[in-house]
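Each ligand, and each atom within it, is numbered from 1 in the order the structure gives.
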Amino acid sequence: MPLVNTTDMFKKAYEGGYAIGAFNVNNMEIVQGITEAAKEVNAPLILQVSSGARKYANHTYLMKLIEAALAETDLPIAVHLDHGDSFELCKSCIDGGFTSVMIDGSHLSFEENIALTKKVVDYAHAHGVTVEGELGRLAGVEDDINVSAEDSSYTRPEEVEEFVSRTGVDSLAIAIGTSHGAFKFTGEAHLRFDILEEVEKRLPGFPIVLHGASSVIPEYVDMINQFGGKMPGAKGVPEEMLRKAASMAVCKINIDSDLRLAMTASIRKVFVENPGEFDPRKYLGPARSEIKKLVKNKLINVLGCAGKA
Ligand code: G3H
Ligand code: 13P
Ligand code: ZN
């Protein structure tokens with residue numbers, strides 16, 4: 001099966017009350033761990049690449065890794081640009097074989113966001129590529145830009161119909177209280193499901209995207225702290241909240257930080273237990289296995305997309 005865009009997978013996810021996992025990738029072990037998990041449970045997959053990851057690993061290397069993942073499975077896989085910040089970047093990814101892009105104009109004015117997003121949609125649709133836009137602004141760090149809690153803002157439901165109809169986007173990321181990174185909540189986790197419900201009412205049948213959706217799995221944080229790391233107070237989105245979002249209009253759930261934690265925890269453990277280890281396969285191998293275990297659990301128990309390929 002060739003790479004696919006997100007149209008079909010989102011339609012089925014919306015109707016089936018589950019979400020597709022969108023996992024950030026930047027090296028071979030991460031691509032392999034995610035893909036092997038999806039293959040074992042027969043789940044559709046979005047492999048997403050941030051502009052930082054693309055700079056780090058190089059567009060061609062990433063595409064070839066993803067093509068290899070495709071050749072090893074018979075799954076619907078979309079390759080998606082995460083947080084595209086310009087028309088030129090989106091165009092370059094589309095020209096280079098991505099099947100889906102996000103144009104993130106959430107920091108712009110409403111009118112500027114619409115103009116930029118529409119420009120990307122026009123180009124993308126002419127090439128069979130789907131587009132995710134964003135309204136509202138998440139807190140946290142993405143691509144070295146740190147959005148403070150004061151600068152973040154919830155999505156205003158009264159804006160979503162106009163944004164979607166004027167831009168023609170295929171999916172919409174909204175801000176309901178999640179944030180990027182491993183420190184999402186200082187107190188109790190709280191998400192504005194009332195905003196999601198209102199958006200769902202205004203855009204019936206339209207796929208919504210949830211960013212900043214790592215659970216910051218406590219076992220990995222504990223492991224990191226146990227093996228010489230320092231992550232006090234790390235906290236993510238409880239799994240039951242993600243299950244609730246997936247049963248609603250959320251069709252794509254973005255996960256990066258949990259992959260980083262799984263990888264880092266297992267590598268730290270190897271080095272503490274075997275200080276003389278210097279064969280990269282001996283620490284990247286366990287990291288890949290941990291990613292596979294983590295993703296398999298998400299696909300089956302959190303996103304509900306196992307068996308839906
Ligand atoms: O939304 C941000 C993702 O976690 C990607 O992070 O820009 O550091 O690759 P990055
Ligand atoms: P996390 O930092 O919660 O994994 O969010 C990732 C994300 O939203 C990528 O776009
Ligand atoms: Zn994001």
Side-chain angles (χ1 to χ4, degrees), residues 6 19-27 30-31 33-34 45-59 61-62 78-86 89-90 93 98 100-107 131-147 149 151-153 155 171-185 189 191 208-218 220-221 224 231 233-239 241-242 245-246 250-265 291 294-295 297-298 302-303:
T6 56
I20 312 290
F23 300 97
N24 286 73
V25 298
N26 57 59
N27 74 12
I30 297 174
V31 172
I34 297 166
L45 205 51
I46 299 174
L47 296 175
Q48 59 185 11
V49 176
S50 69
S51 71
R54 190 164 173 264
K55 274 186 213 131
Y56 171 80
N58 171 302
H59 182 97
Y61 277 91
L62 286 172
V79 52
H80 173 79
L81 170 66
D82 190 27
H83 293 284
D85 61 355
S86 67
L89 174 59
C90 292
C93 289
F98 281 34
S100 175
V101 293
M102 174 187 193
I103 177 68
D104 181 356
S106 60
H107 56 291
V131 180
E132 172 185 332
E134 178 163 341
L135 269 181
R137 199 161 190 215
L138 271 70
V141 181
E142 63 195 52
D143 260 336
D144 298 332
I145 298 166
N146 196 343
V147 183
D151 287 336
S152 67
S153 56
T155 302
S171 62
L172 182 68
I174 63 170
I176 59 168
T178 61
S179 62
H180 292 110
F183 301 87
K184 299 189 192 297
F185 303 100
L191 292 191
I208 299 303
V209 177
L210 194 62
H211 283 245
S214 279
S215 292
V216 187
I217 314 272
Y220 292 136
V221 176
I224 287 172
M231 298 193 73
K235 200 170 183 182
V237 185
E239 292 186 349
M241 290 191 185
L242 297 174
V250 170
C251 294
K252 173 174 179 272
I253 290 192
N254 283 14
I255 296 159
D256 186 3
S257 294
D258 277 338
L259 302 171
R260 298 178 182 198
L261 291 168
M263 190 158 201
T264 303
I291 283 178
L294 162 85
V295 171
N297 180 57
K298 298 251 187 211
V302 182
L303 306 163

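Of the heavy atoms in Val237, none comes closer than 4.0 Å to ligand 2. For Asn254, no heavy-atom contact with ligand 1 is shorter than 4.0 Å. Of the heavy atoms in His211, none comes closer than 4.0 Å to ligand 1. The part of Ala213 lying near ligand 2 is the backbone, judged by heavy-atom distances below 4.0 Å.
Near His83, the atoms of ligand 2 lying under 4.0 angstrom from a non-hydrogen atom of the residue are 10 (O). Counting the atoms of ligand 2 from 1 in the order shown, those under 4.0 Å from a heavy atom of Gly181 are 2 (O). The Asn24 neighbourhood of ligand 2 comprises atoms 9 (C), with distances under 4.0 Å to a heavy atom of that residue. The contact set between ligand 1 and His83, taken as ligand atoms under 4.0 Å from a residue heavy atom, comprises 1 (O). Shown in contact with His180 at under 4.0 Å from a heavy atom are these atoms of ligand 1, numbered in order with element: 1 (O), 2 (C). Counting the atoms of ligand 1 from 1 in the order shown, those under 4.0 Å from a heavy atom of Asp256 are 3 (C), 4 (O), 5 (C), 6 (O). Proximity to Asn24 (heavy-atom distance under 4.0 Å) selects the following atoms of ligand 1: 3 (C), 5 (C). Heavy-atom contacts of Asp82 reach the following atoms of ligand 1: 1 (O), 3 (C) (cutoff under 4.0 Å).
When side chains are defined from C-beta on, Leu261 does not count as touching Ile217, because their heavy atoms never get closer than 4.5 Å. At a threshold of 4.5 Å between non-hydrogen side-chain atoms, the residues Phe185 and Leu191 count as touching. Between Leu294 and Tyr220 the shortest side-chain heavy-atom distance falls below 4.5 Å. Side-chain contact between Val49 and Val25: present, with at least one pair of heavy atoms (C-beta onward) separated by less than 4.5 Å. At a threshold of 4.5 Å between non-hydrogen side-chain atoms, the residues Val216 and Lys184 count as touching. Met241 has its side chain out of reach of Thr178: every pair of non-hydrogen atoms, C-beta onward, lies at least 4.5 Å apart. Under the 4.5 Å side-chain criterion, counting only non-hydrogen atoms from C-beta, Cys93 is in contact with Arg54.
Vertex the Zn ion (ligand 3); arms to His211 atom ND1 and His83 atom NE2; angle 90° (nearest 10°).
Between His59 and Phe98, the ring planes are parallel. Angles under 30° get that label, and only those over 60° would be called perpendicular.
Heavy atoms only, all atoms of each residue included: Ala182 and Met231 are closest at CB-CE, 3.8 Å. Across all non-hydrogen atoms, the minimal contact from Ala175 to Thr155 is N-OG1, 2.7 Å.
Nearest protein heavy-atom neighbour of atom 2 (O) of ligand 2: Ser257 OG, 2.7 Å. Of all protein heavy atoms, the one closest to atom 8 (O) of ligand 2 is Gly212 N, 2.8 Å. Of the protein's heavy atoms, Asp82 OD2, 3.1 Å lies nearest to atom 9 (C) of ligand 2.
With hydrogens and angles ignored, the 3.5 Å screen pairs a side-chain donor or acceptor of Ser215 with a backbone N or O of Val237.
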Could you go through the side chain to side chain contact (heavy atoms under 4.5 Å, CB included) check for Lys298 and Asp258 one step at a time? CA-CA 10 Å; Lys298 298 251 187 211; Asp258 277 338; 2.6 Å; yes

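Considering both main-chain and side-chain atoms, Ser50 comes within under 3.5 Å of ligand 1 through a nitrogen or oxygen pair. Annotation: Ile255 places no N or O atom under 3.5 Å from an N or O atom of ligand 2; distance criterion only. Backbone and side-chain nitrogen or oxygen atoms of His211 are examined, and one is located within less than 3.5 angstrom of a nitrogen or oxygen of ligand 2.
Scanning Glu132, His180, Lys252 for the heavy atom closest to atom 7 (C) of ligand 2 points to His180.
Heavy-atom separations between Lys184 and ligand 2 include at least one value shorter than 4.0 Å. At least one heavy atom of Arg260 sits closer than 4.0 Å to an atom of ligand 1.
With respect to Met102, the side-chain contact (heavy atoms from CB on, under 4.5 Å) criterion is satisfied by exactly one of Val131, Asp82, Leu81: Asp82.
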